[in-house]
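Everything on this sheet refers to the single structure shown next.
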Number of protein chains: 2
Amino acid sequence: MVNISDSFLILPLINHLVKINITMKKNKETATEQAILEAARKVFVEKGFDGARMQEIADEAGINKALLHYYYRSKEKLFETVFLEAFIKVVPSVLVILNSDEPLFNKIERFVSNYLDVLAENPIIPGFILHELAHNQKRIGSLIRGTGINPQFFIAQIYREIEAGNIKNCDPRQLIINMLSMCIFPFVAKPILQAVFFKNSEEEYKQFIAERKAEVTRFIIASIRKQQEEEIILPGQSTQNTSK
Amino acid sequence: MVNISDSFLILPLINHLVKINITMKKNKETATEQAILEAARKVFVEKGFDGARMQEIADEAGINKALLHYYYRSKEKLFETVFLEAFIKVVPSVLVILNSDEPLFNKIERFVSNYLDVLAENPIIPGFILHELAHNQKRIGSLIRGTGINPQFFIAQIYREIEAGNIKNCDPRQLIINMLSMCIFPFVAKPILQAVFFKNSEEEYKQFIAERKAEVTRFIIASIRKQQEEEIILPGQSTQNTSK
DNA sequence: AAAAAAATTAACCAATTGGTCAACATTTCG
DNA sequence: CGAAATGTTGACCAATTGGTTAATTTTTTT
């Protein structure tokens, strides 16, 4: 499930995370272990650390509660495992794109598109991560600190594009956080957005997220692109009105 | 504290919320009651409903635990009070702006500016609201449903601006959610953003939020404004500022 | 001042919760 | 096979938690 191999392009981060507590867990995870993790994932993500009950996890996994402690010594330990799994699934996957070697606009498009996909597949993970990160900084903070996440490469690229006159001047951090905001927030705020904008219809909401890919990309690029009469548009497939 | 009078421009929402459980509480709140609410606010917002302990709230308020139940029958009741107070403080305040009668760009600027101010003053409320809303939909959902929050007026205005050719064509909901995202997300994700972008420096983060006002406004408007090159989508559109 | 009402407390309680343990079952393996 | 290792369980425990109650203090009212 962790699918570590997927993300091995960003070895330092993964290594750091894995080393911390999984200690290169042998792949011989038993069926029971799997059931426990799946159940724990469900309950923890749904109820949060404090709201989760070991008994509920045991029931959900169809086993005795004592067995939980047999495989994972304590609630904290079990939680850490689940949290790291979720964290790895959602956070580093997109860093690969940001640190890749593409033209900026391509990169933004791919980032938005891929990230929205990842989040659509794990819609409740962001809220989980953000909440636990905010409320259990002692428990998790140390796991995350120094993960090697660093946006310097992408920031440098933005600066280069600014100097090249391809995009407007701006603080790259603002731009990055704008991108993250527009991708992540709709999932964190799903309940209230769904109520206010989509009549609580799951269908409409899904449709909305699907449309959002193109929309957010367009929104970002339109905002930062420097429109000049003598345009220096990069060799990207800018599918816009080329009716010049 | 609730400052209901501030927001009375959106009476329906406030009315609905207030009627639900405050039942027009008499203003004769005793000092103890205030202390309890303040303590409860702190603990609930910090720890969430499940993580909060009645004993801790009592200690924080400097009173006996039984006194909590004397004033607020149960944990749930106390929580509802605290939650509604927070909700009222952060959510409706900006709706006033969105439903006002200003030109679109002014409105956007005022919205972003004011909202970032409100959130900077209550930085932990958004996370609190979003989390409890997602995890205790049974407990709170009914309080929120039908609050009268509705963005129709603002949506209509956007459509008008599109037809008038002042802004590009777009789904107004996408635009609104973009705005909300960029305002709210930085506060929800503060811990991780601070670690990744600001070396955990509170000072740098504050500075960043301050700069963000102008930045987000600029970002949004630059993205939706229709630049005066040629652009014809609708056949019979009134010729606005076409410097051709 | 006396009685009534409101505020406050200590002690207590039933239920829940994370965790343990000794016993039992199953698999592994010499 | 048979013993050692591993997996699994029900019963149990100490600590915690939300909530109650009866008694005491403080304030208000008469």
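- Contact annotation: A:Y70 does not reach the phosphate of C:dT20 (side-chain N/O to OP1 or OP2, under 4.0 Å).
- Whole-Å rounding puts the A:K47 NZ to C:dT16 C1' distance at 14 Å.
- In terms of phosphate contacts, A:T32 brings a side-chain nitrogen or oxygen within less than 4.0 Å of OP1 or OP2 of D:dT8.
- Across all their heavy atoms, B:L180 and A:F185 have their closest contact at CB-CE2, 4.1 Å.
- If you take CD of A:E33 and C1' of D:dT6, they are 12 Å apart, rounded to a whole angstrom.
- Rounding to whole angstrom units, OH of residue A:Y71 and C1' of D:dT9 are separated by 13 Å.
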Between N or O atoms, less than 3.5 Å apart, protein on one side and nucleotides 20-28 of chain D on the other: list the pairs.
none

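- Following rounding to the nearest Å, B:L67 (CG) and C:dA11 (P) show an atom-to-atom distance of 17 Å.
- Listed in residue order, the members of residues 52-63 of chain B having a heavy atom less than 4.0 Å from DNA chain D are B:A52, B:R53, B:M54.
- Listed by chain and residue number, nothing satisfies the side chain to side chain donor-acceptor pair (under 3.5 Å) test with B:K65 (two or more places apart in sequence, or in another chain).
- In this view, A:N64 and A:A66 satisfy the side chain to side chain contact (heavy atoms under 4.5 Å, CB included) rule, not counting sequence neighbours.
- Taking the C1' atoms of five terminal pairs at each end of the helix from C:dA1-D:dT30 to C:dG30-D:dC1, the two resulting helix axes are inclined by 0°, rounded to 10°.
- Residues meeting the side chain to side chain donor-acceptor pair (under 3.5 Å) test with B:E46, sequence neighbours left out: none.
- Every residue two or more places apart in sequence or in another chain that forms a side chain to side chain contact (heavy atoms under 4.5 Å, CB included) with A:Q174 is listed here: A:D171, B:F208, B:E211, B:R212, B:E215.
- Rounded to whole Å, atom C1' of C:dG18 lies 16 Å from atom CZ of A:F79.
- A straight line from NZ of A:K77 to C1' of C:dG18 spans 17 Å, rounded to a whole angstrom.
- For B:R110, the salt bridge (charged side-chain N to carboxylate O under 4.0 Å, His left out) criterion is met by B:E102, not counting sequence neighbours.
- Protein atom CD of A:Q34 is 14 Å distant from nucleotide atom P of D:dG7, rounded to whole Å.
- Under the rule for a side chain to side chain contact (heavy atoms under 4.5 Å, CB included), the partners of B:A86 that lie at least two apart in sequence or sit in another chain are B:I125, B:F128.
- Here A:E202 pairs with A:K190, A:Q194 under the side chain to side chain donor-acceptor pair (under 3.5 Å) rule; sequence neighbours left out.
- Rounded to whole Å, the distance from NZ on A:K75 to C1' on D:dA15 is 14 Å.
- Under a 4.0 Å N-O distance rule, the pair B:D59/B:R53 does not qualify as a salt bridge.
- Shown here are the side chain to side chain contact (heavy atoms under 4.5 Å, CB included) partners of A:V94, two or more places apart in sequence or in another chain: A:F111, A:Y115.
- Under the rule for a salt bridge (charged side-chain N to carboxylate O under 4.0 Å, His left out), the partners of A:E56 that lie at least two apart in sequence or sit in another chain are A:K47.
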